Amino acid sequence: MAIELLPDGLWELVEPFIPVVKAKPKGGRPRLADRVCLAGIVFVLRSSIPWEMLPQEMGCGSGMSCWRRLRDWQQAGIWQLLHFVLLEWLARYGQIDGSRAVVDGSSIRAVFGGARRDRIQLTCCESVRFAPVS
């Protein structure tokens with residue numbers, strides 16, 4: 001069931017960008033496979049369940065293992081890199097629909113400003129002057 005969330009084609013696209021981690025010299029519990037953890041991450045993010053409630057029957061390990069892997073990949077910049085790779089792949093095959101995109105002026109910087117600048121129009125409340133209180 002977990003592998004269905006992460007088809008072979010998607011895994012082949014993502015796998016080269018996931019860093020290979022060496023085994024610890026002291027041993028310990030074997031590390032979960034990256035593909036299994038990524039399937040668990042996808043399941044939790046798509047279903048909006050808490051990490052602790054990741055079903056053990058899926059074979060993705062514990063929710064905390066998946067969460068730690070997501071945290072490590074996020075800190076290493078892997079998650080953002082995967083985002084750009086997937087967007088580029090979707091754009092190459094014409095799968096991005098830009099008609100539903102929203103650009104907000106508070107999140108996009110206007111480097112050179114607008115063509116002209118108008119005066120800010122006063123509202124009715126701003127035109128009222130109050131006398132200072134003594």
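Worth saying up front: this structure is predicted, and the values here are computed from it rather than measured.
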Per the salt bridge (charged side-chain N to carboxylate O under 4.0 Å, His left out) rule, what does the pair list look like for residues 72-97, sequence neighbours excluded? E88-R92
Determine whether R35 and L10 make a side-chain contact, defined as any pair of heavy atoms from C-beta on separated by less than 4.5 Å. no
With heavy-atom distances below 4.5 Å as the criterion, would you say the side chains of C66 and L54 are in contact? yes
Specify the closest pair of heavy atoms between L32 and C60, including all atoms of both residues, with the distance to one decimal. CD1-O, 3.8 Å
Consider only side-chain heavy atoms of I, L, V, M, F, W and Y, link residues closer than 4.5 Å, and tell whether L82 and Y93 are in one cluster. yes
Just by distance, do the side chain of R69 and the backbone of I41 share a donor-acceptor pair under 3.5 Å? no
Quick one: are P19 and W73 in side-chain contact, heavy atoms under 4.5 Å? yes
I need the M64 CE to R71 CZ distance, nearest 0.5 Å. 10.0 Å
Distance (rounded to the nearest 0.5 Å) between F17 CZ and Q80 CD: 13.5 Å
Within-4.5 Å side-chain heavy-atom neighbours: L38 and W11: yes
Give the cluster check for L6 versus W79: same hydrophobic cluster or not, with ILVMFWY residues linked at side-chain heavy-atom distances below 4.5 Å. yes
Rounded to the nearest 0.5 angstrom, the CD1-CG distance for I78 and L70 is 12.0 Å
In the structure I gave you, are the side-chain heavy atoms of L13 and L86 within less than 4.5 Å of one another anywhere? yes
